[in-house]
Protein chains: 2
Amino acid sequence: MKAVSCQDCGLRKFEVFRANTKEEVDFIQAFKRKHVHLAAGKLIVREADSADLYTLYSGWAFRFKTLSDGRRQILNFLLPGDLIGLQDQVAEVSPHGVEAVTDVELCQFARDGLWDLFRNFPSLGYDVTWLASQEERMIDENLLSVGRRTALERIGVLLMHLYKRSIALGVAVDGRVPFPINQQHIADAIGLSLVHTNRTLRRLYKLGLYEVREGWLALPRPGALERLAEYFETPVRRRPLI
Amino acid sequence: MKAVSCQDCGLRKFEVFRANTKEEVDFIQAFKRKHVHLAAGKLIVREADSADLYTLYSGWAFRFKTLSDGRRQILNFLLPGDLIGLQDQVAEVSPHGVEAVTDVELCQFARDGLWDLFRNFPSLGYDVTWLASQEERMIDENLLSVGRRTALERIGVLLMHLYKRSIALGVAVDGRVPFPINQQHIADAIGLSLVHTNRTLRRLYKLGLYEVREGWLALPRPGALERLAEYFETPVRRRPLI
DNA sequence: CGAATTTTTGAACCAATTCAAGTTCGGTGG
DNA sequence: CCACCGAACTTGAATTGGTTCAAAAATTCG
C-alpha cells in the first residue's frame, strides 16, 4: 500500500516546510516502504521494543516513558511532519513509547536505511540532524517547565507552544486550532496530577486566557498568556521535511 | 594556539570512543579552529547568544536554562567527548547556556563548517546525529525523573547516571569516580530546592547508598540504588567522537 | 437513551518550599 | 601554625503547592 507518493506529498504544500530538490524527493520516495494508517490510541512504538523510522503524515501523537507502577511522563507531542524513531536507530531498543492521539497516517521508511540516506544525500542527513536538534530544544523547554515553572506557567507554556506549532502549520481557522488532547494528556506532559491540572485550567479559563470547544483551542489574549508563562519562543519559520 | 592535534587526541585513547579512519581524523583536524582553556564557573555559551560548535576535551560542564527571576534548570551534564552547541547551529541564537563546572579544555570548531562536514564526510555527519540522539535520550530520562519520580528516586537516577558515564569513560579509581558538582548543581538538575536536595542526600547516605569524599563519588551498593531508582540503563558501549 | 469517558469540585493530607540559623570545610594570610 | 573568611552543607519550624481519595456533573458515543 503506497497511498501517498512523496512527489505529491500533501505536507509539502504547506509553506513551513522547506522545498527539496527533485532528486531528494525521489530518494525519499525510494526510502519509503509503506503508508500506514493507525487508529487513535494505538501504539506506534512500544517501549523497550525495536522500532522503524517514520514521519508523521497526519494526526497527532506523543512520545512517552513510563515507570513500572504506571506513572507516565509525556516527553513531547508530535505533529504532522515530525520524525518518529530516530533515537531508536541509534539504540538497539526504543527508550520510549509513541502513541497516536488521533487517527494517524505514517510514512514508514526502510529499516537500516538511514545510513544510505546520509551517504547518498548529505543534505538530507543534515535535515535529519536539524529535526533532531529541533526536537531536543522542545524537550529542553519542557524540562524547564516541569522542573522550575509553577502549575499556571506550565500550562500556559504548553498551550502557547501547541498553539504556535499549529499556527505555523497553517491549520488555524478563525484563530482556533485543532486540539485533540484531553486533560490527562496535559497532566502527563507537565508533570502534575489530573486533579491539579483541571483546577489550574479552570483558573486560566476564568482569567479569560484559554478556551477549548469541540476539540478546538482558542487563546483570546495570547500576549497576556505569553507574559504569564514567560514564554516568547518564535515558531520556526521553515523546516525540513523527510 | 593548537595545543592538541586530533591525530594525537588524548580522548581517542579511551576505548569508549569508536575509531575513525585517518581521513576522518584529518578532516576533524582541519575543522578544528583552536584549543581553548576556560576556568571553572565560566560561561562557555551565553543564553540567547550565538555560539560556536565545540567538543568538551576535558573537565565537566552543564547546559541550563533560566527564567527571568533566577530560577534555573540544569538540562544535562557534559563530560569529555560531548558535543556542545549543535542546537545553536540550527537556531540563530542559543536557546540555553553552557557553564564550566571545573576548569575545562574545549576543541573549538569552524563556525558554519558543519555543512561541509556532512557533505565531505557523511560518516561524520551520521556521528553528529548519533551524538544528538544520545543527548536527547539523556534529557528524556531527566524529564521522566523531574516529572514523575520522587525526590529519592531522582537523586538515585542522577547519581547512577553520572557514575556509569564516568565508569564508561574509564576514569574510575578503586570504584570511585570524580564528582566535581555540589548540592546546588544537583538541586538545579533534578528540579528540587537546595534544602530538600540536602535532606534527601542525607537520607541516601544514611541508607549507605552513596558517599562523596574529597570530590570523589562512591556507590557502595549500586544494585540497591538501581532498584530504588528504577533505573537500569546500560552505559553506551562505544560512541563516536568528533 | 444509557453507558462510558471526561471534566469538575470538595476535603484531608503530605511532599516539598521557604525562611532562618548553625555547622563544617577549604583556603589564605598574618 | 592557627585564626579567620567565605562557600558549602546541615538542621529546625512554619507554610504552601500539589496529591489523593471520593463523588458528582457534564459530555461523548454506540
Side-chain angles (χ1 to χ4, degrees), chain A residues 39-42 60 67 69-74 99-103 145-156 158-159 178-207 210-217 228-229, chain B residues 39-41 60 67 69-74 99 101-103 145-156 158-159 178-207 210-217 228-229:
Chain A
K42 294 286 182 202
W60 282 35
L67 295 171
D69 63 0
R71 283 174 287 175
R72 178 171 84 164
Q73 178 66 38
I74 290 182
E99 186 179 311
V101 174
T102 62
D103 291 354
S145 275
V146 173
R148 293 295 163 201
R149 285 196 246 244
T150 65
L152 208 60
E153 292 169 337
R154 292 184 208 193
I155 294 192
L158 181 65
L159 293 178
F179 198 70
I181 60 178
N182 60 32
Q183 297 187 357
Q184 184 67 65
H185 289 119
I186 297 179
D188 286 350
I190 62 178
L192 294 174
S193 69
L194 175 61
V195 172
H196 196 59
T197 298
N198 175 272
R199 287 192 226 276
T200 309
L201 277 169
R202 219 79 257 295
R203 201 138 64 90
L204 264 186
Y205 176 74
K206 281 173 186 153
L207 289 169
Y210 110 108
E211 199 186 287
V212 171
R213 270 210 335 260
E214 291 157 23
W216 289 73
L217 167 71
L228 177 144
Chain B
W60 281 35
L67 295 171
D69 64 0
R71 283 174 285 175
R72 178 171 84 164
Q73 178 65 38
I74 289 181
E99 186 179 311
V101 174
T102 62
D103 291 353
S145 276
V146 173
R148 293 296 163 199
R149 285 197 246 242
T150 65
L152 209 60
E153 291 168 339
R154 292 183 208 193
I155 294 192
L158 180 64
L159 294 178
F179 198 70
I181 61 178
N182 60 32
Q183 296 187 355
Q184 184 67 65
H185 289 119
I186 297 178
D188 286 348
I190 63 178
L192 294 174
S193 69
L194 175 61
V195 172
H196 196 57
T197 298
N198 175 272
R199 287 192 228 278
T200 309
L201 277 168
R202 219 80 258 292
R203 201 138 64 92
L204 265 186
Y205 176 74
K206 282 173 186 153
L207 289 169
Y210 110 107
E211 198 186 288
V212 171
R213 269 213 332 260
E214 291 157 22
W216 288 74
L217 167 72
L228 176 144

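Because the structure is predicted, anything quoted here is derived from the model rather than measured. Throughout, a chain's letter reflects where its sequence line sits, starting with A, and its residues are numbered from 1.
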Take the protein atom CG of N182(B) and the nucleotide atom P of dG6(D), then report the distance between them rounded to whole Å. 19 Å

Taking side-chain contact (heavy atoms from CB on, under 4.5 Å) as the criterion, tell me which of I74(B), V212(B), I186(B) meets it with I181(B). I186(B)

What residues, two or more places apart in sequence or in another chain, satisfy salt bridge (Lys or Arg N to Asp or Glu O under 4.0 Å) together with R148(A)? D188(B)

By side chain to side chain contact (heavy atoms under 4.5 Å, CB included), which residues pair with E99(A), not counting sequence neighbours? L43(A), F62(A), F64(A), R72(A)

Assess whether side-chain contact (heavy atoms from CB on, under 4.5 Å) is satisfied between L204(A) and L159(A), documenting all intermediate values. CA-CA 11 Å; L204(A) 264 186; L159(A) 293 178; 4.0 Å; yes

Sequence neighbours excluded - side chain to side chain donor-acceptor pair (under 3.5 Å) pairs with any residue from residues 198-207 of chain A: Q183(A)-N198(A)

Nearest heavy-atom neighbours spanning A151(A) and L192(A): CB-CD1, 3.6 Å

Return the set of residues passing salt bridge (Lys or Arg N to Asp or Glu O under 4.0 Å) with R149(A) (not counting sequence neighbours), or none when no residue passes. E141(A)

Below 4.0 Å: OP1/OP2 of dC9(D) and any side-chain N or O of N198(B): no

With sequence neighbours left out, write down each residue that passes side-chain hydrogen bond (donor to acceptor under 3.5 Å, both in side chains) with T150(A), or none if nothing qualifies. E153(A)

Which residues pass the side-chain hydrogen bond (donor to acceptor under 3.5 Å, both in side chains) test with S193(B), sequence neighbours left out? none

Span of DNA chain C, from the first to the last nucleotide whose atoms fall under 4.0 Å of chain A heavy atoms: dT6(C) to dA11(C)

Angle by which the axis turns from one end of the helix from dC1(C)-dG30(D) to dG30(C)-dC1(D) to the other, five pairs per end, to 10 degrees: 40°

Sugar-phosphate atoms are those with a prime plus P, OP1 and OP2; base atoms are the rest. Using that split, label each nucleotide of nucleotides 16-28 of chain D B, S or - for protein heavy atoms under 4.0 Å, 5' to 3'. --SBBB-------

Those residues that, when tested against D103(A), pass side-chain hydrogen bond (donor to acceptor under 3.5 Å, both in side chains) (two or more places apart): none

